[in-house]
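Below is one structure, written out as structure tokens, with a few remarks after it.
What you see below is based on every heavy atom in this structure, not just the backbone, and it leaves out hydrogens, waters and symmetry mates. First the proteins, then the strands, lettered A, B, ... as listed; each starts at 1.
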2 protein chains.
Amino acid sequence: MVRKTKEDAELTRQRIIDAARAVFLTRGISRSTLEHIALEAQVTRGAVYWHFKNKTDIFYALRDRAFLPLIDRMYDTLATQTDDTDPLTQIEDSLCDTINELNENIEMRQIYEIMMIKCEYVDEFATVLQQILNNCSNITEKIQLAYERAKEQSLLIPIFTPHELALDTHLFFSGLLHMWVKDADGSRFRYQAKMLIKSHINLRRINPKT
Amino acid sequence: MVRKTKEDAELTRQRIIDAARAVFLTRGISRSTLEHIALEAQVTRGAVYWHFKNKTDIFYALRDRAFLPLIDRMYDTLATQTDDTDPLTQIEDSLCDTINELNENIEMRQIYEIMMIKCEYVDEFATVLQQILNNCSNITEKIQLAYERAKEQSLLIPIFTPHELALDTHLFFSGLLHMWVKDADGSRFRYQAKMLIKSHINLRRINPKT
DNA sequence: CGGTTTACATACATTCTTGTTTGTATATAA
DNA sequence: TTATATACAAACAAGAATGTATGTAAACCG
């Protein structure tokens, strides 16, 4: 049978994206063929070519479904300034929230893994790097704003500027995400990620929590 | 002309490795063919197959020439405990030294870039991830030892354990290396990397340097 | 000095992958 | 109800990449 309804078609589109995620994860993007993806999605390459232009197109569809939302989410968590909780805890929460999401959301986790260690950033993929850098800049700015609020409220240790603190935090979290992803069995980083975040923020508090 | 001397042969071997570095860098590992590499090295695929089993073999040869030495170097810098300089400065210096090496040594820099964003860690490459994780563990341990010495000498802010400080430092540096590599034009991280390291270490000093 | 091995170049066969084209049954719109 | 566009499946053509097999001239060794 052919010619499904529009809903059915959208469903197969999603199936293809999900299949691509599984295939990319185990074979890496470059070694994944459209045949592999089609097989995993239980369709033929015809269906894949109907819904997507090529493999790169699938990759970007995959990214849009999880990578960007998570960035936005972290961004939002930092931007919504509920002034009753202290800014340092806000930073801590937004970082922990991201880790939580990665822990609970398999799709998110796998897409991150694909983008970090199963993708070669050349040619059509190179632009992604710039976008990541831009996102990082934005997030660092948001963190800096939070640190500035903390400084105003005298919650922050002196001497250090919100700018350098924000950069340090961003680099810390960036490293954490990378190790979190690479640490497949979870023994080294996954289980203690939140503790590490707490420690990191505590380093900045004028009155460290116990 | 064929049949070079042994020295000539070794030279072509190096030329092939150098060519592979250039090709991997621009095309990514998976899209680089042995033909590309041979062309860049001004030999034929015959020569490449004579010196190497396949592309993976070249990759590992490339890695051994720079990636491992740099790890060892950082490791050594941390391990040689010249007890006259304070441990925190030792950590700072070893991190800065690595950044220096990346700044000055083009080969080193490019190989790092290849391994970080031009390689998909699946199949034969997956084992590299484990090795990286192990190296990270070792380095974290060395940093922790330095922090412990700093604690004994009361150079370190209290409350925090050398263990969590070491993990935080390692994650920071890991993030820094990643951003350093991705920041191709250098505007965001490369030029201020050492400043960031200084700030990071200063956060731990009981008497922060100015 | 002659045989053997080395260090490649060249040619060949095979497999993989991609993009396109064609076919087709059915939803959908008019 | 019928024409058309949709949502695929299946077949096709072409190039690219790999590994191997063969050829060869010069270095090296006895």
Side-chain angles (χ1 to χ4, degrees), chain A residues 1-62 114 118-120 122-125, chain B residues 1-62 114 118-120 122-125:
Chain A
M1 69 197 94
V2 251
R3 179 52 172 155
K4 322 275 188 61
T5 84
K6 276 185 184 174
E7 294 77 34
D8 284 341
E10 178 58 25
L11 216 143
T12 46
R13 195 189 123 94
Q14 297 300 330
R15 285 245 306 283
I16 292 171
I17 294 181
D18 286 337
R21 173 161 49 92
V23 175
F24 286 167
L25 196 68
T26 57
R27 312 186 69 115
I29 292 179
S30 67
R31 290 181 177 180
S32 302
T33 73
L34 296 187
E35 179 72 26
H36 293 143
I37 295 172
L39 227 68
E40 176 82 20
Q42 291 179 320
V43 292
T44 64
R45 271 171 58 241
V48 177
Y49 272 107
W50 172 256
H51 285 285
F52 301 95
K53 197 182 156 202
N54 51 31
K55 198 165 67 177
T56 308
D57 200 22
I58 304 180
F59 169 81
Y60 276 101
L62 191 61
I114 291 168
K118 270 94 195 271
C119 176
E120 298 177 2
V122 292
D123 303 335
E124 334 90 76
F125 298 102
Chain B
M1 70 195 95
V2 252
R3 177 56 170 154
K4 321 279 186 59
T5 81
K6 276 185 184 174
E7 294 77 35
D8 284 340
E10 178 58 24
L11 217 143
T12 46
R13 194 189 123 93
Q14 297 301 330
R15 286 243 306 284
I16 292 172
I17 294 180
D18 286 336
R21 173 161 49 92
V23 176
F24 287 167
L25 196 67
T26 59
R27 313 186 70 114
I29 293 180
S30 66
R31 290 180 177 181
S32 303
T33 72
L34 296 187
E35 179 72 26
H36 293 144
I37 295 172
L39 227 67
E40 175 83 20
Q42 291 179 321
V43 292
T44 64
R45 273 171 56 241
V48 177
Y49 273 108
W50 172 255
H51 285 286
F52 301 95
K53 198 181 154 200
N54 50 32
K55 199 165 67 177
T56 308
D57 200 22
I58 304 180
F59 168 81
Y60 276 100
L62 190 61
I114 291 168
K118 270 93 194 272
C119 176
E120 297 177 3
V122 290
D123 303 335
E124 334 89 78
F125 298 101

(message) I need the CD-C1' distance between A:Gln42 and D:dA10, as an integer number of Å.
(response) 18 Å
(message) Under the salt bridge (Lys or Arg N to Asp or Glu O under 4.0 Å) definition, can you give me all pairs with a residue in residues 46-56 of chain B, not counting sequence neighbours?
(response) none
(request) Drop me the distance from A:Arg45's CZ to A:Ile37's CD1, to the nearest 0.5 angstrom. (result) 11.0 Å
(message) Does D:dA7 have OP1 or OP2 under 4.0 Å away from a side-chain N or O of A:His51?
(response) no
(request) Look at B:Asp18 together with B:Arg15 and state whether they make a salt bridge at an N to O cut-off of under 4.0 Å. (result) no
(request) Could you state the atom-to-atom distance from NZ of A:Lys6 to P of D:dA5 in whole Å? (result) 14 Å
(request) Mind telling me whether B:Tyr60 and B:Phe125 have parallel, tilted or perpendicular rings, with 30° and 60° as the class edges? (result) parallel
(request) Only pairs at least two apart or in different chains count here, so list each salt bridge (Lys or Arg N to Asp or Glu O under 4.0 Å) that has a residue in residues 22-43 of chain A. (result) A:Arg31-B:Asp123, A:Arg31-B:Glu124
(request) Could I get the full list of side chain to side chain donor-acceptor pair (under 3.5 Å) partners for B:Gln14, not counting sequence neighbours? (result) B:Glu10, B:Arg65
(request) Indicate the atoms forming the closest heavy-atom contact of B:Leu34 with B:Ile58, along with that distance. (result) CD2-CD1, 4.0 Å
(message) By nearest heavy atom, map B:Gly46 and B:Glu7 onto DNA chain D; which one lands nearer the 5' end?
(response) B:Gly46
(request) Grab the two heavy atoms, one from A:Ile16 and one from A:Ala41, that are nearest each other, plus how far apart they are. (result) CA-CB, 4.0 Å
(request) Measure from CG on B:Leu39 to C1' on D:dA17 and round the result to the nearest Å. (result) 14 Å
Could you go over nucleotides 14-18 of chain C and give all protein N or O partners under 3.5 Å, atom names and distances?
| residue | atom | partner | partner atom | Å |
| --- | --- | --- | --- | --- |
| C:dT18 | OP2 | A:Leu34 | N | 3.3 |

(request) Go through residues 8-24 of chain A and report each residue with a non-hydrogen atom lying under 4.0 Å from DNA chain D, sorted by number. (result) A:Ala9, A:Thr12
(message) Tell me the bend of the helix from C:dC1-D:dG30 to C:dA30-D:dT1 as the angle between end helix axes, each from five pairs, rounded to the nearest 10 degrees.
(response) 10°
(message) Using modelled atom types and a 3.5 Å cut-off, is there a donor and acceptor pairing between side-chain atoms of A:Glu120 and backbone atoms of A:Ser30?
(response) no
(request) Write down the distance between CD (B:Glu124) and C1' (D:dT18), rounded to a whole number of angstrom. (result) 14 Å
(request) Send over the distance from A:Trp50 CH2 to C:dG23 C1', rounded to a whole Å. (result) 14 Å
(message) Could you report the tightest heavy-atom contact between B:Lys118 and B:Leu25, atom names first, then the distance?
(response) NZ-O, 2.6 Å
(request) Measure the CG-CG distance between A:Leu62 and A:Asp57 for me, rounded to the nearest 0.5 Å. (result) 11.5 Å
